[in-house]
Asks: 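Here you go, one structure.
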There are 2 protein chains.
Amino acid sequence: MKIDPSSPKDLSAQIAQAIRDAIVAGKLIVDARLPSETELSDQFNVSRSTVREALKRLAAQSLIRTQRGATGGAFVNRLTFEDAQAMHVTTSTLLLSMNDVSFTQACEARYALERACAVMACTRRESSHLEKMKAELGHQAQDELSDEAFCASDVAFHRALVDSASNPVLSYQLAGAVEAMQPLMNMITFTARSRVKILMLHGNIVDALEQRDPSAVKDSLDLLESYTQALAEDLIVARPSG
Amino acid sequence: MKIDPSSPKDLSAQIAQAIRDAIVAGKLIVDARLPSETELSDQFNVSRSTVREALKRLAAQSLIRTQRGATGGAFVNRLTFEDAQAMHVTTSTLLLSMNDVSFTQACEARYALERACAVMACTRRESSHLEKMKAELGHQAQDELSDEAFCASDVAFHRALVDSASNPVLSYQLAGAVEAMQPLMNMITFTARSRVKILMLHGNIVDALEQRDPSAVKDSLDLLESYTQALAEDLIVARPSG
DNA sequence: CAGACATTAATTGTCTGACATATGAAAATC
DNA sequence: GATTTTCATATGTCAGACAATTAATGTCTG
């Protein structure tokens with residue numbers, strides 16, 4: 001692991017990259033302990049502060065964890081699906097909010113991915129998944145729900161749908177797409193009538209899943225997508241200024 | 001933005017979180033300049049080193065960029081699809097390598113997502129996409145290619161397929177799934193015979209896309225998935241120890 | 001001997017102050 | 001007016017110190 005002091009990049013960035021490469025290449029395996037900060041500063045011939053900045057960069061990516069005390073130090077972290085998913089959601093949310101992606105485009109991507117799960121979910125879904133979805137339906141039927149709460153339940157419903165495909169890799173990949181949509185969905189004002197319609201469409205999805213009917217699931221998702229897009233369309237027409 | 005000195009979390013982690021929250025909430029917009037490190041250390045009542053560690057954490061997530069000099073400082077970064085995609089690929093790759101995810105599971109997720117693009121690609125694909133895919137086919141036909149190079153071309157082919165759906169949100173989401181598979185694919189030894197077969201299946205996909213035939217694209221992808229899974233199956237049988 | 005308690009050593013977390021380096025803007029000079 | 005110099009400001013790096021945490025070790029006591 002070599003460092004170039006004349007590189008345009010910060011020393012701490014170079015050191016972080018060197019350690020990251022070692023992890024990706026498998027030279028540092030999970031739970032392996034890195035040399036202490038003092039040892040690293042000797043190896044790289046930089047100050048301890050610089051090493052620490054490098055380690056903080058890696059910690060921000062959940063690549064390492066640190067522990068104080070006698071047997072402490074920095075350890076290669078096992079990246080869990082949970083951690084990765086949380087990072088993915090944050091990144092996706094910011095990506096959408098910072099790049100004025102059209103609602104149409106984001107929505108299209110989301111439903112395209114969800115449809116991909118639908119077929120698998122039909123063969124794999126268990127009763128617990130259906131119960132989770134039905135619980136969310138019950139929640140969405142409450143009149144006094146705020147728009148935000150309605151959207152949050154909507155996200156939970158779709159997360160359950162994705163999870164019912166019983167493939168954690170798929171769930172992880174789709175979490176970003178589904179959850180990152182929430183801020184955009186929150187912009188929609190759901191009237192009582194639109195809520196009833198969405199509830200009905202959600203019900204169709206659950207029914208189709210219950211009967212393990214892939215094409216019915218696909219059709220219900222298509223309808224829901226069209227309706228969501230139409231609601232967003234109305235929003236743009238109603239508020240052309242903002 | 002408040003900091004709790006008695007919290008179990010590091011001060012630098014708390015400060016990073018506070019600034020991150022401000023960015024996500026839109027209180028700090030793109031290209032906004034953060035207070036200088038000295039000002040931040042006064043505001044949070046911590047030392048400059050602690051502030052710097054917090055800023056490095058944010059920089060590691062591409063949330064800010066820093067610039068030296070008189071008018072320099074830390075600025076809120078516009079997260080580009082390119083940045084987000086690179087981060088997603090790194091995370092996904094590590095996630096798969098650290099959690100002994102089965103080839104079957106990862107492969108299944110990948111093809112499920114690709115199928116989702118297929119329908120859209122049929123209506124949206126442009127000739128440039130087809131040309132890119134055909135170029136990769138030509139590449140894959142070369143006998144002297146190493147297994148690694150063959151896999152790399154395979155990834156490029158599938159990336160082109162995903163991109164031909166012309167939805168950047170979709171491309172971003174799928175890049176992780178497709179590219180993270182490469183290390184797993186690299187474990188497969190591609191015989192001359194299996195290469196010919198894969199080449200043929202890839203050809204079928206391109207043909208179906210050219211004719212804008214969604215069900216034909218889907219069928220070719222199904223065949224390719226089955227064949228890939230079968231190759232992996234052979235690998236496990238042939239090398240049960242490793 | 002067993003358990004409670006104190007000591008110690010190792011390690012990260014934080015602070016302080018200094019200097020190096022980069023860079024735009026203002027001032028001085030031609 | 002154009003060019004050069006100076007300067008102020010900001011991040012990048014370094015060095016050294018102390019605080020806080022924690023496991024291992026040593027010590028005392030019953």
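Protein chains get the first letters and strands the later ones, always in sequence-line order, with residue 1 at the start of each.
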Asks: Could you verify whether a donor N or O on one side chain and an acceptor N or O on the other, from B/His158 and B/Arg110, lie under 3.5 Å apart?
Replies: yes
Asks: Picking from D/dA23, C/dT11, D/dT13, which would you name as closest to the side chain of A/Arg33?
Replies: C/dT11
Asks: Any idea which of D/dA23, C/dT12, D/dA15 is nearest the A/Thr66 side chain?
Replies: C/dT12
Asks: From CD of B/Glu53 over to P of C/dC15, roughly how many Å is that when rounded to an integer?
Replies: 10 Å
Asks: Give a yes/no answer on whether the side chain of B/Lys9 brings an N or O atom under 4.0 Å of OP1 or OP2 in C/dG13.
Replies: no
Asks: Ignoring hydrogens and angles, does a donor from either the side chain of A/Arg48 or the base of C/dG13 sit under 3.5 Å from an acceptor on the other?
Replies: yes
Asks: It should be established whether B/Thr71 places a side-chain nitrogen or oxygen under 4.0 Å from OP1 or OP2 of nucleotide C/dG24.
Replies: no
Asks: Nearest to the side chain of A/Arg68, heavy atoms from C-beta on, is which of D/dG12, C/dG13, C/dA10?
Replies: C/dG13
Asks: Compare side-chain N and O positions of A/Thr50 against OP1 and OP2 of D/dC14 and report whether any pair is under 4.0 Å apart.
Replies: yes
Asks: Testing the 3.5 Å rule here: is there a donor-acceptor pair between the side chains of A/Asp21 and A/Gln17?
Replies: yes
Asks: Between P on C/dT14 and CG on B/Asp42, what's the gap in Å once rounded to a whole number?
Replies: 17 Å
Asks: Give the rounded distance in Å between these two atoms: CZ of A/Arg52 and C1' of C/dT14.
Replies: 8 Å
Asks: Testing the 3.5 Å rule here: is there a donor-acceptor pair between the side chains of B/Thr93 and B/Thr90?
Replies: no
Asks: Report the residue (A/Asn45 or B/Ala70) whose heavy-atom-nearest nucleotide on DNA chain D is the more 5′ of the two.
Replies: B/Ala70
Asks: Figure out the CD/P separation between B/Gln67 and C/dA22, and round it to whole Å.
Replies: 13 Å
Asks: Could you tell me whether the side chains of A/Arg124 and A/Ser164 share a donor-acceptor contact shorter than 3.5 Å?
Replies: no
Asks: Between B/Ser171 and B/Asp163, does any side-chain donor sit less than 3.5 Å from a side-chain acceptor?
Replies: yes
Asks: For C/dT16 and B/Ser49 - does any side-chain N or O of the residue sit under 4.0 Å from the phosphate oxygens OP1/OP2?
Replies: no
Asks: Would you mind reading off the distance between B/Phe75 atom CZ and C/dT23 atom P, rounded to a whole angstrom?
Replies: 12 Å
Asks: Whole Å only: how far is the CD atom of A/Glu37 from the C1' atom of C/dG13?
Replies: 8 Å
Asks: Give the rounded distance in Å between these two atoms: CD of A/Glu39 and C1' of C/dA9.
Replies: 14 Å
Asks: Give the rounded distance in Å between these two atoms: CZ of A/Arg65 and C1' of C/dG13.
Replies: 18 Å
